J.: 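Starting off with a structure, shown below.
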Amino acid sequence: MKYNPSLIEKKWQEKWSKLNVFKASIDKTKPKYYVLEMFPYPSGAIHMGHVRNYTLGDLVARYKKAQGFNVLHPMGWDAFGLPAENAAIENKTHPANWTYANIESMKTQLIRMGLSYDWDRELATCNPDYYKFEQKMFLDFFNAGIAYKKETLVNWDPIEQTVLANEQVIDGRGWRSGAKVEKKKMKGWFLKISDFADELLDEIDNLSNWPEKVKIMQKNWIGRSNGAIIKFSIENSPNNLKIFTTRPDTIFGATFIAISPQHELSKQIAQKDSKAAEFIKFCESHSIKEIDIEKAEKHGYETGLTVSHPFKNDVSLKIYIANFVLMDYGTGAIFGCPAHDQRDYDFAIKYSLDIIPVIKTGETLPFMGDGPHINSNFLNNLNTEEAKILCIKKLSELGIGEEKVTYRIRDWGVSRQRYWGCPIPVICCDECGEVPVPIEQLPISLPQDVDLNKKGNPLENHNNWKKTKCPKCNKNAIRETDTFDTFFESSWYFARFTDINPSTPFSEEAIKYWMPVDQYIGGVEHAVMHLLYSRFFMRALKYVNIINIEEPFISLQTQGMVCHQTFKTKNKKWLHPNKVRKEDNEYFHVDTKEPVIAGRIEKMSKSKKNVVDPQQIIENFGADTARLFMLSDSPPNRDMEWSSSGVEGSWRFLNKLWKFVINLPKDKKLKKLPINLSKKNQELISIMHRTINDVTKAIDEFHFNLAVASIRSLFNALSSYEINEDDDKIVVIHVTENLLILINPMVPHLAEELWSKLENKGIISNENWPKVDLSYIQKNSVKIPIQVNGKVRAVVEIPIDSNKNDIKEIALKEENVVKFLKTSPKKVIIIPNRVVNFVV
RNA sequence: GCGAGCGUGGCGGAAUGGUAGACGCACUGGACUUAAAAUCCAGAGUCCGAUAAGGACGUGGGGGUUCAAGUCCCCCCGCUCGUACCA
């Protein structure tokens, strides 16, 4: 009988579903385990990144179930977002139709992979049954002062008359119109994440099961810094200019002042100075992307205004309006110290400003390190930290400055001028301002009839929908036509999964039992935004008494990308891998037979055509092969390369395993292990226990590729084992059954089928994880290297825990060691059970 | 620009500061076959050496700490992710 994955995989998927094997419900007699993979955007078809993510999560879910946990493993759809609108315009369909059709086809694909989801908890964020709850949450935030409206800058496409996403701005131009993008001021809704900045920052240290890199990135993103506000008095004017600096110690090196084009003072200047107005306009003829702002050439406009230096009586500093000063950080104004800051240095060179070093260094300027201060009056000889403290003290005494903590993080702008998102439940009244929609009127559903081809915001164009009455004064008013950022939906979906009842977002009981998520898995690209917003959202919900947790994810794992070799034709056009054939290390086009240029291995992307369709792999090899390859090749957190030969290797292994088990002798009586094991059986059992130990450890540490490697080793031992007696049969079947339980989380369909072939009653998905018998894995001898000057000259096997003298004696008997020991050693290093090193 | 991560044979990757290359892929040789595929067995970092024994070199590059460095520290190079309206 041949291994036929498509047959057995379908069979077991149906069986699991029929038996409700993965249906989760609260059971207080068992410890719970909530495993969650980041839910997908329903783009239409799963890609290899999904396959990887969901295979990792499924392994964890099945493994934890075997370990006796009550597992919750749900799946849903991050269904709002920009692509649906673009697709709707291109394909002349409705975003809802497109999205729901995509969900259906992707769900079919996920089911085909054999993932152990409790599909009863499926949700789609574009469904009013989901987003109605977040409208209520928003109103609670609004009433608690967490949500507010303010003016902000957006990317404006003057031709399309629409706001563009950063993604839609390419080289400063709109992706469809090609028009130069402008910054435009617009009012939008914000959530006060900055109020929670300290807590979000401080609690990072308690996230002990998060990758260090993610924690560092979040810390830097929040960017708490201790600095100072300094008031500079503007010369020939009664007014002050407040600047923020993280380096008050360099105040004596200050040679200019720069303010943001959006600064209040810039506006005032522009009113009287048309050139200044022009310069500000020039600064606003760019996108709002940080990367564009930072990489842009530094420009400044000399305003003619000056301030006096707080500690240097006769020195005045020119005020510039500068394109690189951000209004959102600090006070939107800085002093420039060119000697000790790269940007200030570049600016000073460009505008021929003074460069005054205030830290002693032998190195070239700008110097960003620490050292004794010079040219700094009362700060001389102090280091940076001391000088900061003293400078702030002096500023406060003079009443012209104070210590100030600032944050890099800005409040979360949740407004989007888009159709396919959750409507923001507010009514804008000329008389009463922003009025919350009364709760009994929720949900505010999206209108179905909408014209996406018109310029501008579709909801704003929709007169019927937007016109309403003010709940307060009953006069004519209009609805808020902005919709939520889709990060809003993904900031609480994990809580909704715990209990999808129709009347409340979740129940207290379910939250108490299931939350927080024990293991969250997703791409590293979400390291900051999605994960930080979710952490904030839980705190905000707690603040308004909707939930009682702070940290949503106890343990986090971030997976790397799935990559593939790229190919180009000789005309430099990207070529799909299945159009390429390799012969004698040369690549050829399948159709034209022309040589093909093999390029770099890069992240799979449609634009470079280096994609492999999971569907195709599953049809050709089965889900188990795809899953096994995903797990066996690379550690989860690293990028992996998809290679067809690697897939074939996994396929071959499963075939070998299949054939091996099918051909085992079957005898129901052969179940109980004999009491006295022969030496060879003891050895096999001991390999098995070592494997159980290694696989368990590898899975716990998220090194799934090592788990696969150990299982393969165990199988190598099994397949070279010779069965002679009845006892041997029992031992082999016993070891094989344990191997199947170990491999079940990886290739569950094959494991189920073979488990049933071994005439077991229940299903393997309900079996318990095998226990390690430590007595089998203790060794009584150890191989250690003997080094001379750090180079290995011999390897000896000695009893474990031998004393140092014995080890030395054995080592000195080695011929090759003696050969290199021309004189008696100066020093002998003996680390028991590890190494011997003779230093000569 | 800024923040973060990664870099080990032909390839994916193993390796509590202690034998670098586990396990696999590709490759080479052999067995089976009329033949091929599949399967099974064996070999293998590079160089010197005889295909041996043994040795030299070797973890992106350069320097350092240590009896001992892929691992720790400093500098540099390359790639990847994020950079607030893609999700």
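Model, not experiment: these values are computed from the prediction. Every chain is numbered from 1 and lettered A, B, ... according to where its sequence line falls, protein lines coming before strand lines.
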J.: Could you tell me whether the phosphate oxygens of B:G13, OP1 or OP2, come under 4.0 Å of any side-chain nitrogen or oxygen in A:Asn705?
T.: no

J.: Would you call the rings of A:Tyr130 and A:Trp492 parallel, tilted or perpendicular, taking 30° and 60° as the class edges?
T.: parallel

J.: Base, sugar-phosphate or nothing for A:Met38? Non-hydrogen atoms, less than 4.0 Å.
T.: nothing

J.: Classify the nucleic acid contact of A:Ile829 as base, sugar-phosphate or nothing, counting any heavy atom under 4.0 Å across all strands shown.
T.: base

J.: Check the angle between the aromatic planes of A:Phe39 and A:Tyr493 and answer parallel, tilted or perpendicular using the 30° and 60° thresholds.
T.: parallel

J.: Using purine N1 to pyrimidine N3 plus N6-O4 or O6-N4 for Watson-Crick, or N1-O2 and O6-N3 for G-U wobble, both under 3.5 Å, which nucleotide pairs with B:G7?
T.: B:C77

J.: In the structure shown, which nucleotide is the Watson-Crick or G-U wobble counterpart of B:G82, with both distances under 3.5 Å?
T.: B:C2

J.: Output, in order, the C-alpha distance, side-chain angles, deciding distance and verdict of side-chain hydrogen bond (donor to acceptor under 3.5 Å, both in side chains) for A:Ser781 and A:Glu797.
T.: CA-CA 7 Å; A:Ser781 72; A:Glu797 183 156 6; 2.6 Å; yes

J.: Identify whether the glycosidic angle of B:G45 places it syn (within 90° of 0) or anti.
T.: anti

J.: Regarding A:His526, tell me which of base, sugar-phosphate or nothing describes its non-hydrogen contacts under 4.0 Å with the strands shown.
T.: base

J.: Is there, by distance only and without an angle test, a donor paired with an acceptor across the side chain of A:Glu290 and the base of B:G1 below 3.5 Å?
T.: yes

J.: Does anything in residues 414-421 of chain A come within less than 4.0 Å of RNA chain B? Heavy atoms only, and list the residues if so.
T.: A:Ser415, A:Arg416, A:Gln417, A:Arg418

J.: When all nucleic acid strands are considered with a 4.0 Å heavy-atom cut-off, which category describes A:Val839: base, sugar-phosphate, or nothing?
T.: sugar-phosphate

J.: Pick base, sugar-phosphate or nothing for A:Ile291, based on heavy-atom distances below 4.0 Å to the nucleic acid.
T.: base

J.: How is A:Ile409 classified with respect to the nucleic acid when contacts are heavy atoms under 4.0 Å: base, sugar-phosphate, or nothing?
T.: base

J.: Look at the rings of A:His530 and A:Phe487 and say which category their plane angle falls in: under 30° parallel, 30 to 60° tilted, over 60° perpendicular.
T.: parallel

J.: Please verify the inter-ring angle class for A:Phe347 with A:Phe324; under 30° counts as parallel, over 60° as perpendicular, anything in between as tilted.
T.: perpendicular

J.: Provide the Watson-Crick or G-U wobble partner of B:A14, both distances under 3.5 Å; none if there is no partner.
T.: none

J.: Below 4.0 angstrom from OP1 or OP2 of B:A87, is there any side-chain N or O of A:Thr486?
T.: yes

J.: Just call it for A:Asn816: base, sugar-phosphate, or nothing, with non-hydrogen atoms closer than 4.0 Å on any strand.
T.: sugar-phosphate

J.: Mind checking A:Arg793 for me? I need base, sugar-phosphate or nothing, with any heavy atom below 4.0 Å counting as a touch.
T.: sugar-phosphate

J.: According to the Watson-Crick and G-U wobble definitions, with both distances under 3.5 Å, which nucleotide is paired to B:A26?
T.: none

J.: Categorize A:Arg712 for me: base, sugar-phosphate, or nothing, with a 4.0 angstrom heavy-atom threshold over every strand shown.
T.: sugar-phosphate

J.: Is the distance between the ring centroids of A:Phe653 and A:Phe715 less than 6.0 Å?
T.: yes

J.: Within the 4.0 Å heavy-atom criterion, would you say A:Phe487 contacts the bases, only the backbone, or no part of the nucleic acid?
T.: base

J.: Have a look at A:Asn837 and say if it touches a base, only the backbone sugar-phosphate, or nothing, with a 4.0 Å heavy-atom cut-off.
T.: base

J.: Answer yes or no: side-chain N or O of A:Asn166 and base N or O of B:C85 forming a donor-acceptor pair under 3.5 Å.
T.: no

J.: Please set out all donor-acceptor pairs under 3.5 angstrom arising from side-chain atoms of residues 703-711 of chain A, sequence neighbours excluded.
T.:
residue: A:Ser710; atom: OG; partner: A:Leu706; partner atom: O; Å: 2.9

J.: Classify the nucleic acid contact of A:Lys826 as base, sugar-phosphate or nothing, counting any heavy atom under 4.0 Å across all strands shown.
T.: nothing

J.: Among B:C57, B:A15, B:C23, which is the nearest nucleotide to the side chain of A:Lys791?
T.: B:C57

J.: Considering all heavy atoms of both residues, which atom of A:Tyr533 and which atom of A:Ile193 are nearest to each other, and what is their separation?
T.: CD2-CD1, 4.0 Å

J.: Should A:Asn86 be listed as having a side-chain N or O under 4.0 Å from OP1 or OP2 of B:C86?
T.: no

J.: Does A:Gln787 reach a base, just sugar-phosphate, or nothing at all? Heavy atoms under 4.0 Å.
T.: base

J.: In chain order, what residues pass the side-chain contact (heavy atoms from CB on, under 4.5 Å) check against A:Gln161, with sequence neighbours excluded?
T.: A:Trp156, A:Lys455

J.: Would you measure the distance from the C1' atom in B:U28 across to the matching atom in B:G9 and give it in whole Å?
T.: 16 Å

J.: May I ask you to say what A:Val163 touches in the nucleic acid, namely base, sugar-phosphate or nothing, with a heavy-atom cut-off under 4.0 Å?
T.: base

